[in-house]
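Taking it in order: structure first as structure tokens, then the write-up.
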Amino acid sequence: MSAPVRVRFAPSPTGYLHIGGARTALLNWLWARHTGGTFVLRIEDTDRERSTDEAVRAILDGMRWLGLDWDEGPDIGGRYGPYFQMLRLDIYRAYAEQLVKAGKAYACYCTKEDLDAQREVARAEKRQFLYPGTCRDLPYDPSRRHVIRFRLPKLLEVTFTDLVKGPITRPGSTLQDEVIVRADGVPLYNFGAVVDDVTMEINLVSRGDDHVNNTAIQVLLYEALGYPVPAFAHLPMILGADKTRLSKRHGATSVTAYRDMGFLPEAVVNYLVRLGWSHGDQEIFTMGEMVKHFGYDHVGATAGVFNPDKMVWVNQTWIKSLTPAELARRAVPYYQAAGLAVEGDARLPDVAKAFQERAKTLVDLVAQSRYLFAPVEMDPKAREKFLVPDAAPVLQGIRDGLAASATVDAAGLEKLFHDVAAGRSLGLGKVAQPVRVALTGGTASPGIYDVVLLLGREESLRRLDAALALAAS
RNA sequence: GGCCCCUUCGUCUAGCGGUUAGGACGUCGGCCUCUCACGUCGAAAACAUGGGUUCAAGUCCCGUAGGGGUCACCA
């Protein structure tokens, strides 16, 4: 029996939750849930220049919206806390001292400027720059400003096995005495992450593959610290259409931006999991199905291009699958954002039902159904084509029929429309289209009977009268 | 440039030595139809390249090309 899985997502709070970070978080979460293990959320805020509380909030919000709950981390704590690196400085200091005492790390007094200059020279000579070990054997002088560097052991190469890429080997000659603690005592990424993963007993490190090159030095750090090396799973990057790393240039990259565009969290998660992972031919997954089937053996090794069209399709598929009541509930905030007061409107579920096969996003749903909650905004082209004198008798026929009927229902409307069409030897389209323009202001909508029903008799009559006036002029 | 990783339709992918190379998005056509959608039927569309290994290679090995990543007192 192997130890229970402990995985983590460790974002640095320097911006919003990126779509790529969300996928990393998702896969870790899935593995934890699949195995019954623990999902840890840790905030790597040691870059004080760029870390902000606002970003922490944005990341937590994004995770919650996606439905990725953490078992240990910010807000809820846990027995391996704290879960903010800046609150763990004592821990790093202790481990750093341990390494220095053991001669596995040392104080380096070189200045940043000096090193930059050396790098510059190396570049000019087209030479690879590796720290030459200038301070390697200097006596320790705490009164001088210094960083702590890891003393690279003598070795030929470092090898580790990656769950998605297989064995990865890196020549020792490309490694250097990396700085692990800054002059101000704050650890650098490679050290902080290793110490945290050790002390939090993380046994699988699954992260973006932009970290593969850090892994060798981290493996050495685990060994120097005397701890077992965890398993690694480096997830391929998400690329833009031009095959470069996905960035702002390619459009929205933050999870919240997709929320605001009207994507369902189920759809975002569904799309992201399929970008790099597969389960046969299945495209649509509920969270439960993902948890059940997920495994690193089917995580692909290739970087994937983010395809907005497919994500829209996934979203549309999810919108269709919700019950009308649930869809209506989810749409309310989007109506409000559009300035439409819909709370308490009993038609909402019916509206959702009428539009759920047409809406690509919740924003789209609101836009398409706007005329049900606001005055008609007449499309000039539609008016010009359909609200013409020829259409007046038809509109009048529908108007009168509607006014004469005591109750309105789908069957009655169907009869009315067919009678008016038959009475003038017209196809149904010749009747439905002018009415559609009259009621909605445009040429595309749900079935015309549904529109009348949703609008109600009085409002429909009002709009028909207004259209009649336009058709006559 | 050094090092690391990657390479099946435009895109996401299935494939785990023997397949007419399958599915999905997108595209194009047909059907359905009161519009728009939905649905449905169909079409075009891929194993980067050169060598091996093998009776047999998309599947294994090596090279080449191309792409990505990384080379900080960022993460």
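The chains referred to below are lettered A, B, ... by the order of the sequence lines, with proteins before strands, and numbering in each begins at 1.
- Distances from the side chain of A:Ile168 to the nucleotides B:rU35, B:rC5, B:rA75 place B:rC5 closest.
- For residues 262-277 of chain A, the set of pairs meeting the salt bridge (Lys or Arg N to Asp or Glu O under 4.0 Å) definition, not counting sequence neighbours, comprises A:Glu266-A:Arg330, A:Arg274-A:Glu283.
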Each nucleotide N or O in nucleotides 11-18 of chain B that has a protein N or O under 3.5 Å away: list the pair and distance.
{"from": "B:rU11", "atom 1": "OP1", "to": "A:Lys243", "atom 2": "NZ", "distance (Å)": "3.1"}
{"from": "B:rC12", "atom 1": "OP1", "to": "A:Val305", "atom 2": "N", "distance (Å)": "3.0"}
{"from": "B:rC12", "atom 1": "O2'", "to": "A:Arg274", "atom 2": "O", "distance (Å)": "2.9"}
{"from": "B:rU13", "atom 1": "OP1", "to": "A:Gly276", "atom 2": "N", "distance (Å)": "2.8"}
{"from": "B:rU13", "atom 1": "O3'", "to": "A:Ser278", "atom 2": "OG", "distance (Å)": "3.4"}
{"from": "B:rA14", "atom 1": "OP1", "to": "A:Ser278", "atom 2": "OG", "distance (Å)": "3.0"}

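- If you check the side chains of A:Thr199 and A:Arg88, you find a donor sitting under 3.5 Å from an acceptor.
- Here A:Lys320 reaches the OP1 or OP2 of B:rG39: one of its side-chain N or O atoms lies under 4.0 Å away.
- Here B:rG63 sits opposite B:rU49 as a Watson-Crick or G-U wobble pair (both hydrogen-bonding atom distances under 3.5 Å).
- With sequence neighbours left out, the side chain to side chain contact (heavy atoms under 4.5 Å, CB included) criterion links A:Ala122 to A:Arg127, A:Phe129.
- In the set B:rC74, B:rC34, B:rC5, B:rC74 carries the atom at the smallest distance from any side-chain atom of A:Asp47.
- Considering only side-chain N and O atoms, A:Gln316 lies under 4.0 angstrom from the phosphate OP1 or OP2 of B:rC38.
- Checked against B:rC38, B:rC73, B:rC4, the side chain of A:Arg149 finds its nearest nucleotide in B:rC73.
- Shown here, B:rG1 forms a base pair with B:rC71; the pair counts as Watson-Crick or G-U wobble because both key distances fall under 3.5 Å.
- Taking 4.0 angstrom as the limit, A:Arg207 places none of its side-chain polar atoms (N or O) nearer than this to OP1 or OP2 of B:rA75.
- Proximity note for A:Arg358 (side chain, C-beta onward) versus B:rG68, B:rA37, B:rA75: the nearest is B:rA37.
- Between B:rC73 and A:Arg48, no contact under 4.0 Å exists linking OP1 or OP2 to a side-chain N or O.
- A:His146 and A:Tyr106 form no side-chain donor-acceptor contact under 3.5 Å, judged by distance and modelled atom types alone.
- Within the 4.0 Å cut-off from OP1 or OP2 of B:rA75, at least one side-chain nitrogen or oxygen of A:Thr46 is found.
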